[in-house]
Every structure is written in C-alpha cells, then in structure tokens.
Protein chains: 2
Amino acid sequence: MTLAEENYLKAIYHLEQQFKKGVSTNALAEEMKTKASSATDMIKKLAEKNMLTHIPYQGATLSDAGRDYAVKVIRRHRLWEVFLVEKLNFSWDEVHEVAEHLEHINSDKLVNELDAFLGFPTYDPHGDPIPDKEGNFTYIEKIVLAKAEVGITYKCIGVDDTSSKFLKYLDSNNIGLGTIIKILYKEPFDNSIKLGLGKVEIVVSQSVAKNLYLKKV
Amino acid sequence: MTLAEENYLKAIYHLEQQFKKGVSTNALAEEMKTKASSATDMIKKLAEKNMLTHIPYQGATLSDAGRDYAVKVIRRHRLWEVFLVEKLNFSWDEVHEVAEHLEHINSDKLVNELDAFLGFPTYDPHGDPIPDKEGNFTYIEKIVLAKAEVGITYKCIGVDDTSSKFLKYLDSNNIGLGTIIKILYKEPFDNSIKLGLGKVEIVVSQSVAKNLYLKKV
DNA sequence: ATTATAATTTAGGCAAATCTAAAAATATGT
DNA sequence: ACATATTTTTAGATTTGCCTAAATTATAAT
Ligand SMILES: [Mn+2]
Ligand SMILES: [Mn+2]
Ligand SMILES: [Mn+2]
Ligand SMILES: [Mn+2]
C-alpha cells in the first residue's frame, strides 16, 4: 500500500462511517482535496487490490480487508498524536499534520511498542478512540453540543473538527477534553448556545456547537 | 525536498566523507542500489536546486546548502534510532530500516523536542555522532580494529556496517558498544585477529576487523 | 598513438499520482 | 417525458523516479 492509497482508504473509511452508505466519487474527491477524476482513478486501483467494491456511477464500499487496513492507519495516527502530546510537548492543535506523516510508517513492532510505551491509551488528544492491536474500538456514547439539553451538565469528551483554528479557539475559551459544561440557554434565532464553564458564561455559535462532543455527567 | 532527494543527499554526503573527493556517478548508483542513469538524473536535479555542483564526467560535490540538508537528515535518522532503542525496546540491529523512514518527517519541532526528550544524546546506537540543532558533530577519534596494536586494550565505540547480519554476529559474541577488547594476536596469513573479551578469547575475520571501531582505554 | 575498457550521459519508455477538458450516465424539474 | 443540471467517467498530459539500451567521453594497455 502506497502513501496515497493509505490516505484514500482512511478518507473512504471516515466518509462511510459518517454517512453510513457507499462513498461517492465527489465526496471522496472533496475529502481528499483533489479532483473527481483522481478519485475515480484511485477507486479503480483500490478495487483492483480488493480493498473495496465499486459499481460505476454508484459508489465505493470498503471490503473487510480495506476496512481493516484503514483502521490500522487510524490506529497509528492516533497513537502518534498521543505520543506528540504526552511526550513531546505538542499541543492538541499541532499534532494532526505531523501524525498525518507518521501514520504511514509501516512497522508492527514500532506501533505496538509505541502503544505499550504510552500505556495503551484508548483515546487520542481529540477524544477519538484508538483501536487496539486487533482493530477493536472502545466505543463511547457521545452527544454533540448542538443537541444537548438546557439545564443539564456535561463533560467535554471530544471534537469533530481538529483544525488548528478551531482547537485554538477552544483553548482561548478554556475548553478542552474533560471540561465541565452546563447548558444555560439555546437561542432559537441563530442556534447559538450559552454555556456555563465554572463561574464563567460564554456564548458559542452553531458551528462550534456542531463540533464539540459531550457526555452527561 | 522529496524523499528520494533526501536519500540521495545523504548518500552523497557519506561518500564524500568516506573518499574525501567528488562523488562519482557509479559510486552513487551503487550506494543507492540503483542504476547509473538514475544517479545522473538525480545529480542533475540536485544541481538544479543548488544542493551540489556537478561537472559532467567528473563528479558531484555538495554545496553548503546540500551538506547542511544532508546533516539535518542524518540528525533525524540517528535521533530516531536512539528513540527506538532507548524507549521502544528495539535492538541495535532493528533500528536502521525504520529510521530510514522516520528521518523523512520534516518538522523542526518534532526533531528538537525528540532531541530534548532523549536528553540530547551525542551518539546513536551504532556509535555514530548525532549532530546538534546547528549541525555540529562532536567528533571522536576512532581506530578501526584492523589497525589496532597487539597487546593494547581498547573499548568498542562504534561499527561501520550497520546491517542486521553483522550486528547480530556481534551480539552472539557479546561485543557491543562499551565492550573492552584486548588485542592478543594478529594472524598475518589471513589478517584475522585474536581478541580477549574478559576471560573469553575469540578470533575474528578481517571483514569483522574492518567494521569495528575502537579507542584506547 | 591507437585500441580496448570502463565510466558517464543521453534517448526513450514505464508506472504512479495528479490535472484539465470532454464525454457519458444519472438525477431533477416542470 | 423531456430538457437541464449534476455526477461520474474517460481521454490525454504532466511530473517524478526509475529502467534498458545506445551513444559518448575518459582512462588504461599495448
Ligand atoms: Mn497521511
Ligand atoms: Mn486525532
Ligand atoms: Mn531514508
Ligand atoms: Mn545508526
């Protein structure tokens, strides 16, 4: 598997999870920030390698082998992210880019020893679960802030958008994994939400609310 | 700089050091396990990028920029090797291949934080010096076993060949960095050498003797 | 000083991954 | 149902890094 193939597999996996159906050429091209024709080429190549099935003009669906491979790459990515934050003083908004490269280094010993060295972490710095050696996730129920209920107190357990911009915004408002958040008010006009963070009250926009995951506490 | 360019730069650097003169196309091709025509192509490309100067039919010589870049890649390679041995339980014969990939991840923060995390090591698991942030090596005088004197006691401080085969051979004879070695006898017939390792005496061939570095103790 | 040998470069091609532009298939609106 | 819009695929180029085979230049031997 080449670097490009691995990145495509990961993208297809994420889109499949997100939309629970076959992945369209356009969606894949957009995710990969490339052109539809390139996505078509790669879909053909991955189909050839039995990593997915593809019906022309329909969409692509990962095979078991393809899904396993994607999960393997995701495991590497997230373990490296933990390493960067825990051991090398990276902040959660700096890790993604570097992990995007580290994830392609293909050595089982490397990954499994890294896992052990980090104490077998189950979540990455963005709250995403880390698959174990066998590819099993520890799934946790998460509620998106946009759908949280007024009056209830939650804990922040993850983010959807892992862009540096968004994560720095959260930092500047003292929101991170583990932060306790009480829903004070939902503004029907623009779907903004007033939150209580300890003694501080802040209002966040809908685009923030759609990218923050919580669980009841 | 692409992955291929980085590997070529490193190879040219090593050959320049070794032979103290311009690097020939054939030597480079051999080092890179590729064909002379490919070496020519890459030499042109690197000359175009001002990483080296090249006179056709003569040889290639790194520019300052080229040498700096090569040293940077070597720094990354050796730091990762230390990481793998010190933190991830790799043995010295397992690190080279993985470091060959890790060395291409280009993030100053990553490398410098890794350096700090490892406690600013000055030598890698094979006894090779690790350049610092500014590219300065701490050079140490080393004597190749083949030229060591009978009756003198030395300490093993490095290896030339870092292949798994050779390193495993050394392991099986309890020779590693720091091992104290006394030269007992040099056989003129085949240039083999009898060594004293503590109470044990072993005979090593010339090809071993040319790949082991010592210093007087 | 030729001739033979070795080293180096050029010419031409191939595979991977990308692109633009055009064609084909599918979906949508009235 | 039929025209229009959207999505997807194909066709043809491009770049990078590599290859083989042939031509060129340099070196060594007689
Ligand atoms: Mn990646
Ligand atoms: Mn993450
Ligand atoms: Mn390398
Ligand atoms: Mn080394």
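Quick note on labels: first sequence line is chain A, next is B, and so on, each numbered from 1.
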Reckon Thr25(B) touches a base, only the sugar-phosphate, or nothing at all at heavy-atom distances under 4.0 Å?
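Sugar-phosphate contact only.
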
Indicate, with a heavy-atom threshold strictly under 4.0 Å, whether Ala4(B) touches base, sugar-phosphate, or nothing.
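Answer is sugar-phosphate: Ala4(B) comes under 4.0 Å of backbone atoms only.
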
5′-ward residue of the pair Met42(A)/Pro56(A) relative to DNA chain C
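Result of the comparison: Met42(A).
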
Does Arg76(B) come within less than 4.0 Å of Glu6(B), counting only side-chain N to carboxylate O?
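The answer is yes: the pair qualifies as a salt bridge.
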
Could you tell me whether Glu149(B) and Lys186(B) make a salt bridge, using a distance below 4.0 angstrom between a side-chain N and a carboxylate O?
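No, no charged N to carboxylate O under 4.0 Å.
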
Side-chain N,O ([X]) to OP1/OP2 ([N]) below 4.0 Å:
X	N	answer
Thr34(A)	dC19(C)	yes
Asn26(B)	dT8(C)	yes
Ser24(A)	dT7(D)	no

Separation of [X] atom [atom1] from [N] atom [atom2], in whole Å?
X	N	atom1	atom2	answer
Lys33(A)	dC19(C)	NZ	P	13 Å
Ile43(A)	dT9(D)	CD1	P	6 Å
Glu48(A)	dA15(C)	CD	P	14 Å
Ile55(A)	dT8(D)	CD1	P	13 Å
Gln58(A)	dA25(C)	CD	P	14 Å
His54(A)	dT10(D)	NE2	C1'	13 Å
Tyr8(A)	dA16(C)	OH	C1'	12 Å
Lys44(A)	dT9(D)	NZ	P	8 Å

Passing candidate, side-chain contact (heavy atoms from CB on, under 4.5 Å) with Tyr123(B), options Leu177(B), Thr138(B), Val82(B), Ile157(B)
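The side-chain contact (heavy atoms from CB on, under 4.5 Å) with Tyr123(B) is passed solely by Thr138(B) among Leu177(B), Thr138(B), Val82(B), Ile157(B).
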
Proximal nucleotide (of dT10(D), dC19(D), dT9(C)) relative to the Asp41(B) side chain:
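In terms of side-chain proximity for Asp41(B), the closest of dT10(D), dC19(D), dT9(C) is dC19(D).
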
Any residue meeting salt bridge (Lys or Arg N to Asp or Glu O under 4.0 Å) with Asp128(B), in chain and number order, not counting sequence neighbours
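None.
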
Please report whether the ring centroid of His77(A) lies less than 6.0 Å from that of His96(A).
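Yes, ring centres under 6.0 Å apart.
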
How about Tyr13(A) and Tyr8(A): are their ring centres within less than 6.0 Å of each other?
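They do not qualify: ring centres at least 6.0 Å apart.
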
Which pairs of donor and acceptor atoms, one on a side chain in residues 16-25 of chain B, lie under 3.5 Å apart (sequence neighbours left out)?
| residue | atom | partner | partner atom | Å |
| --- | --- | --- | --- | --- |
| Glu16(B) | OE2 | Leu62(B) | N | 2.8 |
| Lys20(B) | NZ | Gln17(B) | O | 3.4 |
| Ser24(B) | OG | Ala27(B) | N | 3.1 |

Where do N or O atoms of nucleotides 20-23 of chain C meet protein N or O atoms at under 3.5 Å, pair by pair?
| residue | atom | partner | partner atom | Å |
| --- | --- | --- | --- | --- |
| dT20(C) | OP2 | Lys35(A) | NZ | 2.7 |
| dT20(C) | O4 | Ser37(A) | OG | 3.0 |

